[in-house]
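Every value quoted in this text rests on a predicted model; they were computed, and no experiment measured them. Chain A is the first sequence line, chain B the second, and so forth, proteins listed ahead of strands; every chain is numbered from 1.
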Number of protein chains: 2
Amino acid sequence: MKNKQAEDIFRNFLRAGKNRITPERFEVLEAALEYEGHFGADDLYILMKNFKSRVSRATVYKTLELLAQCDLLSKRNFGDNINRFESSFKRQIHDHLICVDCGKIIEFADPRIKQLPEEISEDLGFNFESYSFNIFARCKDPKKCKQSRER
Amino acid sequence: MKNKQAEDIFRNFLRAGKNRITPERFEVLEAALEYEGHFGADDLYILMKNFKSRVSRATVYKTLELLAQCDLLSKRNFGDNINRFESSFKRQIHDHLICVDCGKIIEFADPRIKQLPEEISEDLGFNFESYSFNIFARCKDPKKCKQSRER
DNA sequence: ATTGCTGCAAAACGTTTGCACCTAT
DNA sequence: ATAGGTGCAAACGTTTTGCAGCAAT
């Protein structure tokens, strides 16, 4: 019960669909919100296993999808064929710069990007849904690079 | 010998590294440049197989990577965990809008995006390498949607 | 002659699925 | 009571790898 507000959002979302409210789903929610930074579904599953959780891989994968649907998490793809998630609960919209050498991920929020996706969607005759904007670059400072492979 | 210019670029790139110049690699180059639109490595492999090519799957995968490295192709990722390629030879830089209902891919070039990635990289202390900007949206016109799953 | 490339099949990887049992409603 | 969720293992689709033989340098 660490994130009552997020839990309420999830509970309401589950009820709104015909989804059941189960302890496993809330266990995944809690673990996901506690995770610092970006994580793959399997990362979270392993972490939960290490903490002696009995929740299955299948449940973790399915629940993360639900959490992304109700915007408690955002699903990211940095071009390496891994779906990553991060908490978007109480967080502002941002994009990512990824160092192609060390894998470091920098978050940034540039006001110039903000309206672009919706405007472009309209112009092209589409209803905007979501967007992804990733920059791939290299650390200028070699001392800060190649050291870690944070994700 | 349909694309002498592209072949020269590839040949020089191969020589510059210590990569060998082989007929298989040029077979992949030709097939890739002829492909209309976006294709996965396996799509191209299957197509080549249908045309009785004897080039192996491994060679197709590896060669596409080389072609992306020398900018004859660009490698795209539309968030579905498939690496797609498209010819970038003699093409202007553009981004993509993907319909989440029918999978249709629209290309667009918005001048407002152009300098953004490099500027942001600099501001954050990185050397710009590349970027990806994808918009996910839904066709407004239902008649034009759900019909095809072009890629 | 050397070193890199090829084709093949097997393995790897993240993810999804089928199914019998269980549980929230 | 029943529809939906769970855990498990097996299957999936894409991509990578190990290796023996081959070919470009």
Side-chain angles (χ1 to χ4, degrees), chain A residues 7 10-29 31-32 38-49 51-70 73 75-85 103 149 151, chain B residues 7 10-29 31-32 38-49 51-70 73 75-85 103 149 151:
Chain A
E7 283 174 20
F10 194 30
R11 192 174 292 111
N12 289 335
F13 168 80
L14 290 174
R15 271 203 260 267
K18 58 222 165 185
N19 302 294
R20 286 184 181 168
I21 287 154
T22 68
E24 289 85 355
R25 286 174 170 169
F26 286 85
E27 217 184 303
V28 175
L29 168 61
H38 307 81
F39 57 92
D42 237 60
D43 297 333
L44 191 68
Y45 171 67
I46 303 292
L47 180 74
M48 291 175 74
K49 271 282 111 116
F51 279 86
K52 309 295 176 215
S53 169
R54 275 146 289 95
V55 176
S56 71
R57 179 175 267 117
T59 298
V60 171
Y61 274 82
K62 286 172 188 165
T63 305
L64 289 175
E65 220 55 55
L66 292 170
L67 289 168
Q69 276 173 40
C70 65
L73 300 182
K75 194 175 179 178
R76 309 280 186 185
N77 196 303
F78 299 136
D80 59 354
N81 293 353
I82 297 177
N83 292 319
R84 283 175 222 282
F85 296 85
R149 292 210 125 256
R151 295 262 130 174
Chain B
E7 283 173 22
F10 193 30
R11 192 172 295 112
N12 290 335
F13 168 81
L14 290 175
R15 271 204 259 267
K18 59 218 165 188
N19 302 293
R20 286 182 182 169
I21 287 155
T22 68
E24 289 85 356
R25 286 175 170 171
F26 286 86
E27 218 184 303
V28 175
L29 167 61
H38 307 80
F39 57 93
D42 236 60
D43 297 333
L44 191 68
Y45 170 68
I46 302 292
L47 179 74
M48 291 175 74
K49 272 281 110 116
F51 279 86
K52 308 297 175 213
S53 169
R54 274 146 290 96
V55 176
S56 72
R57 178 176 266 116
T59 299
V60 171
Y61 273 83
K62 287 172 189 165
T63 305
L64 289 175
E65 220 56 56
L66 292 170
L67 290 168
Q69 276 173 40
C70 65
L73 300 181
K75 193 173 178 179
R76 309 281 186 186
N77 197 304
F78 300 136
D80 59 353
N81 292 354
I82 297 177
N83 291 320
R84 283 175 221 282
F85 296 85
R149 294 209 125 257
R151 295 260 130 174

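Atom CZ of A/R54 and atom C1' of D/dG7 are 12 Å apart (whole Å). A/R25 has its CZ atom 10 Å from the C1' atom of D/dT6, to the nearest Å.
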Response to the item:
5' to 3', nucleotides 18-25 of chain D under a 4.0 Å protein heavy-atom cut-off (B base, S sugar-phosphate only, - none) gives -----BBS

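The line from CG of A/L44 to CG of A/L73 is 9.0 Å long, rounded to the nearest 0.5 Å. Atom CG of A/L67 is separated from atom CD of A/Q69 by 9.5 Å, given to the nearest 0.5 angstrom. Taken to the nearest 0.5 Å, the CG atom of A/N83 stands 11.0 Å off from the CZ atom of A/F78.
In the 5' to 3' direction, nucleotides of DNA chain C lying under 4.0 Å from heavy atoms of chain A begin and end at C/dG14 to C/dT25.
Looking at heavy atoms from C-beta onward, B/T63 lies in side-chain contact with B/F10 at the 4.5 angstrom threshold. B/L64 has its side chain within reach of B/F39: a pair of non-hydrogen atoms, C-beta onward, lies under 4.5 Å apart.
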Show which side-chain atoms of residues 14-28 of chain B pair as donor or acceptor with protein atoms under 3.5 Å away, not counting sequence neighbours.
{"unit_1": "B/T22", "atom_1": "OG1", "unit_2": "B/R25", "atom_2": "N", "d": "3.3"}
{"unit_1": "B/R25", "atom_1": "NH1", "unit_2": "B/R20", "atom_2": "O", "d": "2.6"}
{"unit_1": "B/E27", "atom_1": "OE2", "unit_2": "B/S53", "atom_2": "OG", "d": "2.5"}

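Using a 3.5 Å distance cut-off with no hydrogens or angles, the side chains of A/N77 and B/D80 do not pair a donor with an acceptor.
Proximity of B/Y61 to the phosphate of D/dT16: no side-chain N or O atom is located under 4.0 Å from OP1 or OP2.
At its two ends the helix from C/dA1-D/dT25 to C/dT25-D/dA1 runs along axes set 30° apart, each axis drawn from five pairs and the angle rounded to 10°.
Nearest heavy-atom pair, B/H38 versus B/R84, reported as atom, atom and distance to 0.1 Å: CB-CD, 4.1 Å.
Comparing B/K18 and B/T59 along DNA chain C, the residue whose closest nucleotide (by nearest heavy atom) sits nearer the 5' end is B/K18.
For B/Y45, there are no side chain to side chain donor-acceptor pair (under 3.5 Å) partners, not counting sequence neighbours. For B/E65, the side chain to side chain donor-acceptor pair (under 3.5 Å) partners at least two apart in sequence or on another chain are B/K75.
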